Trainee: 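Have a look at this one before I ask anything.
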2 protein chains.
Amino acid sequence: MAVDTSLSERKLIILKAIIQNYLETGEPVGSRTLSKYTELNLSSATIRNEMADLEDLGYIFQPHTSAGRIPSDKGYRLYVDMLMEEKEQEITEREDAMLQKADKVEQVLQQAAKVLASNTNYATMVSSPINNRNTLKFIQLSQVDEEQIVAVIVLGGNVIKNKIIEVGETLSNETLLKLNMLLNTTLNGMPIDQITLGLIARLKEQAGIHSEVVGHVLDAVAEIIHVEDDMKIYTSGATNIFKYPELSDKQSAQEIISAFEEKQQLADLVTETLASEDNHGIQVYIGEEAPVKTMKDCSVVTATYELGEGMKGTIGIIGPKRMDYEHVMKTLKTLQNELDAIYNKDPKE
Amino acid sequence: MAVDTSLSERKLIILKAIIQNYLETGEPVGSRTLSKYTELNLSSATIRNEMADLEDLGYIFQPHTSAGRIPSDKGYRLYVDMLMEEKEQEITEREDAMLQKADKVEQVLQQAAKVLASNTNYATMVSSPINNRNTLKFIQLSQVDEEQIVAVIVLGGNVIKNKIIEVGETLSNETLLKLNMLLNTTLNGMPIDQITLGLIARLKEQAGIHSEVVGHVLDAVAEIIHVEDDMKIYTSGATNIFKYPELSDKQSAQEIISAFEEKQQLADLVTETLASEDNHGIQVYIGEEAPVKTMKDCSVVTATYELGEGMKGTIGIIGPKRMDYEHVMKTLKTLQNELDAIYNKDPKE
DNA sequence: TGTTAGCACTCAAAAGAAAGGAGTGCTAAT
DNA sequence: ATTAGCACTCCTTTCTTTTGAGTGCTAACA
């Protein structure tokens, strides 16, 4: 920060020009090119001097002697920060809607990933929202056949879960009714994190001889709450990375695409993003900044959306460091808004 | 077929030797190599003559003059057919178990894909079983809140589906009870494909003023039955294709990996496989034979497994034409057996 | 003091040239 | 029918040369 402000106006302009040019072409940019590109009419020699300074300060570097300059991570970081400040006050005017209506959440999310990928030409991911501090809305046990009952659990946000429970005995209808009553009167509307061991013990006690069944049900609830479990991640356009030579040698391509197939690393990324929220929920990780080592040669831009009732998810794009940050951030923001809106207005299902 | 038998014993041996050698090395194989490799002691010159014949017959070809020979699709086909015949009577002895127990079907399938990939070093896929001619086991409607009820539908094989239904009115408990009774007495144990329009009309009539709700429920059932919808495909090891230079130029790699990400093409492949069952349910597509154009430079080997009650799914591997067919078929068969067994013995969930 | 023209120098990438070698097809001898 | 021998092909590898974009530095200039 302190260092940033110490850059002269002219150096800033030159740095910005270098970066923008490099974003477009992907080639190291030299002094002659710049002397035409910038509005300030300077000879290439002058620019060379400034560039040498910028290199000393660590904002740019040469891939080899006698090549033009390329932005370093530090350079990108400064650029992105400037970008963010500029956009701060700018009101994003309503874009055309990107998403079509669809009645299942997962369809919407998968579609979101696709739209994002086709709009940006980068690899994208969308995580399903996780039920943070959710409430239990409704429980229902039903006998399926002699030895099985199914427990249906509806969470706030109308997320439905089920679990088949094996019981040794056949339960009578009235027993079931009683159990349902017991569970619902106690648990309905209860935030999940308030279901304590004490409460469970009390319920079991009240269930009498059927305490075992109640135990199973609560186990099922516990299982469902376990967040990691069902964070689904939808991806699209992983193969877009082939469009960027700096990422598409076998080694890198394999690593990145693996990450997209296995999804575990993406999940980590999402977790990280959700943990450290920031700037309108838009975060930019450049190179090593990303919480996952696989992405060390990429930039990752993420945003958080909210499907009401504290259910948060992440959308993100992964691309080369020389990505079109401006466009990406704009697209991401638009999509974020649309996702935020979709649940509030649309009485889905 | 007629042509195949016209190959002399010696030509067959040579062809086999060529293919096996090529499978190992990936390099075109020349006459000198062969004259050592084969048990029949022939000079390279003799072998050259035979090879020229084999080339005329279309079983092998040269990538360029003055290179060794490579098997053509036709050559591979003959080889695989021979392999199949040999294996016909061979009893596969019990292998070590590959799969660990897991309580959700989808975990098992995902794991199956992984195991397959790590055992073969090819890209793999596993499709979830589709509920062919399934039966409806149980239906339950429950009131969730004022305007929503949830319909839980259990299918044979304990597949559970739910759907939230918006109702304008609040239904009384006894109404719900009556509807549940009505639906279950009529529909329980009924094969899904026997739910006809006539039946639906009759049910609606019996439901009286609540015919609308019944309609919604049956819509939900219809939606669930729609097969394509929920054929999930689990993949693993897509990046294994980078191990085979003939598939890992940008163009091919991008296409193949895209197919693995989008999954639509894999779904087509599965559909095709399930339609035309064969040889112990093991099928080999070489190059152009595959029903999907993307795989024209690959070989695809698939097998069908059955999770009881006619629920069939497909496991398959995709790799270069010069894949180790023998090992792949063996591994596939083992896994197929394990999947077949898992449901029959294991009272899962 | 900041700017610029000029020039020697560097080095990656492209193009060319030469050598090597695996493999073939054909002919003639066994 | 088999094989040794030889001329020929053409891919692959290696080395060299050329090219050209770009730099840093110095000296002149405003």
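Keep in mind the model is a prediction, meaning the values are calculated, not measured. Residue numbers start from 1 in every chain, and the chains themselves are labelled A, B, ... in the order their sequence lines are given, proteins ahead of strands.
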Trainee: Any N/O pairs under 3.5 Å between the protein and nucleotides 25-30 of chain D? List them or say none.
Mentor:
none

Trainee: Is there any ring-ring contact (aromatic ring centres under 6.0 Å, His included) pair reaching into residues 236-259 of chain B, and which pairs are they, with sequence neighbours excluded?
Mentor: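 Of all non-adjacent pairs touching residues 236-259 of chain B, those that pass ring-ring contact (aromatic ring centres under 6.0 Å, His included) are Tyr122(B)-Tyr244(B).
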Trainee: Near DNA chain C, under 4.0 Å by heavy atom, which residues of residues 16-32 of chain A?
Mentor: none
Trainee: Is the closest side-chain donor-acceptor distance between Glu261(B) and Thr235(A) under 3.5 Å?
Mentor: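 Distance-only check passes for Glu261(B) and Thr235(A).
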Trainee: We want to know whether Thr334(B) and Thr331(B) form a side-chain donor-acceptor pair, criterion being a heavy-atom distance below 3.5 angstrom.
Mentor: no
Trainee: Whole-Å distance between dG25(C) C1' and Met51(B) CE?
Mentor: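 Roughly 12 Å, once rounded to whole Å.
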Trainee: Report the residues that fulfil side chain to side chain donor-acceptor pair (under 3.5 Å) with Asp268(B), sequence neighbours left out, ordered by chain and then residue number.
Mentor: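 Asp268(B) satisfies side chain to side chain donor-acceptor pair (under 3.5 Å) with Gln264(B) only.
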Trainee: Nearest whole Å is fine: how far is dA1(D) P from Leu40(B) CG?
Mentor: 17 Å
Trainee: Rounded to whole angstroms, how far apart are CD1 on Ile70(A) and C1' on dG22(D)?
Mentor: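 Taking CD1 of Ile70(A) and C1' of dG22(D), I get 13 Å after rounding.
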Trainee: Measure from CZ on Arg10(A) to C1' on dG2(C) and round the result to the nearest Å.
Mentor: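 Distance, rounded to whole Å: 8 Å.
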Trainee: Atom CG of Leu34(A) and atom P of dA21(D): how far apart are they, to the nearest Å?
Mentor: 16 Å
Trainee: Give me each pair satisfying salt bridge (charged side-chain N to carboxylate O under 4.0 Å, His left out) with a member in residues 317-328 of chain B, each pair once, sequence neighbours excluded.
Mentor: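 Counting only pairs at least two positions apart or across chains, the salt bridge (charged side-chain N to carboxylate O under 4.0 Å, His left out) contacts touching residues 317-328 of chain B are Asp73(B)-Lys321(B), Lys87(B)-Glu326(B), Glu246(B)-Arg322(B).
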Trainee: Please list all pairs passing the salt bridge (charged side-chain N to carboxylate O under 4.0 Å, His left out) test where one or both residues lie in residues 233-242 of chain B, with sequence neighbours left out.
Mentor: none
Trainee: Which residues pass the salt bridge (Lys or Arg N to Asp or Glu O under 4.0 Å) test with Glu289(A), not counting sequence neighbours?
Mentor: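 Checked Glu289(A) against salt bridge (Lys or Arg N to Asp or Glu O under 4.0 Å); matches are Arg77(A).
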Trainee: Given atom CD1 of Ile47(B) and atom P of dA22(C), what is their separation to the nearest angstrom?
Mentor: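 To the nearest whole Å, that distance equals 18 Å.
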Trainee: Quick check for you: among dT24(C), dG23(C), dT23(D), whose closest atom lies nearest to any side-chain atom of Thr33(B)?
Mentor: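 Comparing dT24(C), dG23(C), dT23(D) against the side chain of Thr33(B), the answer is dG23(C).
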Trainee: When you measure from the side chain of Ser43(B), which nucleotide among dT3(D), dT3(C), dT24(C) comes out closest?
Mentor: dT3(D)
Trainee: Ser118(B): which residues meet the side chain to side chain donor-acceptor pair (under 3.5 Å) condition with it, sequence neighbours left out?
Mentor: none
Trainee: I'd like to check the side chain to side chain donor-acceptor pair (under 3.5 Å) partners of Ser252(A); sequence neighbours left out, ordered by chain and number.
Mentor: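 Testing Ser252(A) for side chain to side chain donor-acceptor pair (under 3.5 Å), a comparison that skips the adjacent residues, returns Asp249(A).
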Trainee: CD of Glu50(A) versus P of dT3(C): gap in Å, rounded?
Mentor: 7 Å
Trainee: Which pairs with one or both residues in residues 45-64 of chain A pass salt bridge (charged side-chain N to carboxylate O under 4.0 Å, His left out), sequence neighbours excluded?
Mentor: Arg10(A)-Glu50(A), Lys11(A)-Glu50(A), Lys11(A)-Asp53(A), Glu55(A)-Arg69(A)
Trainee: Report, one pair per line, the protein and nucleotides 10-17 of chain C atoms (nitrogen or oxygen only) whose separation is under 3.5 Å.
Mentor:
unit_1	atom_1	unit_2	atom_2	d
dT10(C)	O2	Ser66(A)	OG	3.0
dC11(C)	OP1	Thr65(A)	OG1	3.4
dC11(C)	O4'	Ser66(A)	OG	3.3

Trainee: Measure the distance from NZ on Lys36(B) to P on dT3(D) and round it to the nearest whole Å.
Mentor: 15 Å
Trainee: Run the side chain to side chain donor-acceptor pair (under 3.5 Å) test against Lys263(B) and tell me which residues pass, sequence neighbours left out.
Mentor: none
